[in-house]
Each structure stands twice: as structure tokens, then as C-alpha cells.
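If you're wondering where the values come from, they're calculated on a predicted model, not measured in any experiment.
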Amino acid sequence: MTARTFTAEDYAARMRRAAEAAAASGLAGLLITPGPDLAYFTGYRPPADTERLTMLVIAQDRDPVLVVPRLERPDAEHAEGASAIGFADWTDNEDPYSLAVRLMGTRGRFGVADNAWAMHLLGLMDAAPQTSYAALSRAMPMLRAVKDADELERIAAAGAAADATYRKILKAPFAGRKERDVAADLADLLRAHGHEQVDFTIVASGPNGANPHHEAGDRVIAEGDAVVLDFGGLKDGYGSDTTRTVHVGGEVAEEVQRVHDLVREAQQTAFEAVRPGVACQDIDRAARKVIADGGYGEWFIHRTGHGIGLTTHEPPYMVEGERNALVPGMCFSIEPGVYLPGRFGVRIEDIVTVTEDGGHRYNDTPHELAFVA
Ligand code: ZN
Ligand code: ZN
Ligand code: ZN
């Protein structure tokens with residue numbers, strides 16, 4: 001089943017909502033350069049993000065306009081949302097920043113896409129010294145956080161593809177192979193299940209499991225290892241991100257089993273805390289309390305989760321200090337872990353969405369410690 005294509009009207013609605021939200025938070029407008037925000041508002045993903053300025057200007061009292069190099073305009077005009085925007089093109093002998101400023105106005109505070117190139121932002125500041133800027137994820141962190149039904153369908157499909165990947169990798173040989181070979185299997189499986197982009201394939205065996213973002217390397221996996229598998233990417237433009245910890249062979253050290261049980265309980269407890277109105281930090285606290293009560297609090301060294309959508313890491317963050325409340329349609333990971341330096345690590349991660357009366361998981365493979373050969 002393929003998801004419904006987004007229409008120009010979908011994109012227009014997103015831009016209208018963003019323009020209102022920007023005005024409500026005191027911004028004169030939003031400046032969106034190529035990346036996930038531009039894809040969100042227009043469906044446009046330029047073939048390359050270059051030194052030539054491409055920038056969508058969104059403001060409440062005028063129609064959205066895309067500043068675009070003339071040679072790339074034909075590409076931009078083929079974007080799904082093209083009919084919802086105007087175009088202002090420029091050639092190599094023109095100054096794109098003064099063109100942008102004519103559309104933005106010469107004063108006011110603007111929200112800028114997080115990944116805008118510094119040279120572009122500096123160009124705007126030079127061209128309009130009375131403007132000021134805020135990073136979009138700071139000024140409007142929840143801009144893309146609540147997903148609509150079509151986005152949820154894509155995230156669900158990405159999660160199902162990640163689950164299928166996991167079920168397959170359980171049948172692969174582990175003992176005697178290098179981490180990087182298992183990682184290559186994971187990447188192949190994600191692509192075979194419809195991912196167009198693989199963002200990470202962490203295979204962290206034995207002591208390497210104590211590094212949450214370990215790069216799969218040359219270590220040869222051995223009988224008796226706990227192995228953290230964390231993999232994800234984009235399918236149909238939307239993200240997957242799943243972690244399971246497996247064990248090579250059936251003879252599990254007592255502490256590995258105990259820590260795994262604890263992390264599993266923490267993941268479940270945090271999941272059960274999900275419902276509309278609960279602060280993001282309370283999801284983190286729910287997971288953290290279980291692990292602290294079990295005596296491993298100092299080894300749970302990262303936040304409990306992050307949002308997911310057009311990227312695999314984005315707001316909302318399940319972290320102490322994030323007081324924004326959960327809203328139906330938000331999607332994020334719940335991924336507590338315990339990392340014992342020089343020994344082993346355990347992490348369990350599902351993607352979850354907020355529903356009217358609780359949480360719903362987009363991963364449904366078992367959490368129990370699985371045995372691989
Ligand atoms: Zn991570
Ligand atoms: Zn992950
Ligand atoms: Zn994650």
C-alpha cells in the first residue's frame with residue numbers, strides 16, 4: 001500500500017498555519033532553506049543544497065514566495081506544492097540577498113531553518129541590518145511535531161519496515177562476523193523493505209554496547225556478547241528508528257539479564273505514561289525512575305527520546321526541562337538504556353505516537369532478550 005500523495009492544498013494549509021503561529025510568537029516571518037522544513041512546506045527537495053540561495057519566505061500578510069536560482073526554477077516548479085507558492089528567481093550576476101529582503105521587509109525578527117548556511121544568514125544580515133533571527137527549532141519547536149493522518153501512515157509504514165528488518169536479522173549469523181558486516185545486512189534489509197535512505201545501523205557488541213552511538217567496526221562478535229542493534233532511516237520521506245538488544249547464544253550472564261529486564265520495564269513504564277497533556281519531561285522521568293530505583297541511574301546517560309518525522313531526530317525531546325505537553329499526533333522514540341563502560345550496554349527503542357487516550361507503538365517486535373547464533 002502506498003500513501004496518498006500530499007497535495008498543493010496540504011502544503012498551503014501547512015504554510016498558513018505556520019504563518020499564523022509565527023505571527024503569534026512575535027516573528028515577522030519564516031525563512032526556509034533546503035532541508036526537512038522546505039520539504040514539509042512545499043514538497044521541494046532540491047537536487048543539491050549549494051552556495052546559491054534557495055529560500056522560502058513565509059509571512060502572514062503575503063503569499064509564500066520561493067527565492068530560487070533561475071537555473072533551478074524548473075526543478076522547483078515541479079515540486080508537489082509548487083502551485084501553492086510564488087517564485088522569485090535570480091541569476092548569477094544578481095544579489096539574492098537584496099532580492100530576499102525585498103520580499104521579507106527590512107526589519108523584524110525572523111525564524112530561520114536550523115540548517116540554513118551561515119553564509120546565507122550573514123548575507124541577509126548584511127543586506128538588512130535591522131533584522132534579527134532565531135533558530136526555528138528554538139523559536140517554534142513544535143512546528144512539525146504534530147503529524148497529520150497521512151504523515152502517521154508513513155511513519156507507521158516505516159516502523160513496520162524496521163520491524164521486518166529486525167525479524168530478518170535475528171536469523172542472520174552473528175558469532176564470528178564483524179560488526180560492520182551485520183550493519184551492512186541491516187542497511188540492505190532496510191532498503192529491501194522500502195527505505196530510500198539509511199541514516200544509521202549501529203551494531204555495538206560486547207563492551208562496544210556501552211557507547212550509545214558506537215559506529216559498527218571491525219570487532220568480531222563472539223558467543224556470550226550482548227549486541228545493541230539500532231537502525232533507521234527514511235521510507236517514503238518519513239523516519240524509522242528502532243533498537244533491540246540481542247544476545248549471542250543462550251547462556252546469559254545474570255547481570256545482563258537483570259539490566260535488560262530493568263530497561264524493558266523502564267521502556268514499558270514510560271510508554272504507559274504517554275497521554276495528551278503530560279509534559280515531555282515526565283516521559284523521561286518515568287523511564288529514569290525505574291532505572292534509578294534498580295540501581296543503574298548513573299549509567300542511563302542520555303535523554304529518553306526524540307521526535308521523528310521528516311528526519312530521524314527532531315523535536316519534541318523527551319528530556320528533563322522540556323515542559324511542552326504531549327498532543328495527539330506527536331511521534332517520538334522511547335529509548336531508555338544502561339551503559340556499563342568496558343562491559344556491555346542495553347537499549348530498547350520504539351517509535352510511539354500520542355493518541356486521544358494514551359500512546360500507540362509503531363514497533364511491535366518483542367522486547368524480550370532475543371537469542372541469535
Ligand atoms: Zn541516537
Ligand atoms: Zn535509535
Ligand atoms: Zn532514537
Using only heavy-atom distances, determine whether the side chains of [X] and [Y] contain a donor-acceptor pair under 3.5 Å.
X      : Y      : value
His306 : Asp241 : yes
Asp114 : Ser137 : yes
Asp163 : His193 : no
Thr365 : Arg244 : yes
Glu51  : His120 : no
Glu94  : Thr91  : yes
Glu179 : Ser205 : yes
Gln281 : Tyr317 : no
Glu335 : His302 : no

So with a 6.0 Å cut-off around CZ of Arg70, is the heavy-atom count from everything else above 12?
-> yes
Measure the spacing between [atom1] of [X] and [atom2] of [Y] and express it to the nearest 0.5 Å.
X      : Y      : atom1 : atom2 : value
Phe41  : Met15  : CZ    : CE    : 8.0 Å
Ser25  : Leu30  : OG    : CG    : 8.0 Å
Leu99  : Met55  : CG    : CE    : 8.5 Å
Gln267 : Ile334 : CD    : CD1   : 5.5 Å
Ile348 : Leu262 : CD1   : CG    : 10.0 Å

With respect to Tyr238, which candidate in Glu151, Glu153, Arg154 satisfies the side-chain hydrogen bond (donor to acceptor under 3.5 Å, both in side chains) definition?
->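 Of Glu151, Glu153, Arg154, side-chain hydrogen bond (donor to acceptor under 3.5 Å, both in side chains) with Tyr238 is met by Glu151 alone.
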Among Asp230, Asn363, Asp350, whose side-chain hydrogen bond (donor to acceptor under 3.5 Å, both in side chains) with Thr242 holds?
-> Asn363
Shortest non-hydrogen contact from Ala273 toward Ala286 |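 It is CB-CB, 4.1 Å.
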Val246 pairs by side chain to side chain contact (heavy atoms under 4.5 Å, CB included) with which of Val227, Leu369, Asp225, Val203?
-> Val227
Please say which of Leu103, Leu38, Ile32 ends up in a side chain to side chain contact (heavy atoms under 4.5 Å, CB included) with Leu66.
-> Leu38
Cation-aromatic face contact Arg102/Tyr97, 6.0 Å, 45 degrees = no
Pairs of donor and acceptor atoms involving the side chains of residues 168-176, under 3.5 Å and at least two apart or interchain, shall be tabulated with distances.
none

All side chain to side chain contact (heavy atoms under 4.5 Å, CB included) counterparts of Ala128, not counting sequence neighbours |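 Ala128 satisfies side chain to side chain contact (heavy atoms under 4.5 Å, CB included) with Val101, Thr131 once adjacent residues are dropped.
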So Tyr339 and Glu298, side chain to side chain donor-acceptor pair (under 3.5 Å) or not? Walk me through it.
-> CA-CA 9 Å; Tyr339 309 93; Glu298 72 177 292; over 6 Å; no
Please collect all side-chain hydrogen bond (donor to acceptor under 3.5 Å, both in side chains) contacts where either partner lies in residues 30-49, sequence neighbours excluded, each pair once.
-> Arg17-Tyr40, Asp37-Arg144, Asp49-Trp117
Side chain to side chain, Leu229 and Ile202, heavy atoms closer than 4.5 Å |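 Not in contact.
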Checking salt bridge (charged side-chain N to carboxylate O under 4.0 Å, His left out) for the pair Lys178/Asp181: CA distance, chi angles, key distance, verdict?
-> CA-CA 5 Å; Lys178 288 179 178 172; Asp181 297 329; over 6 Å; no
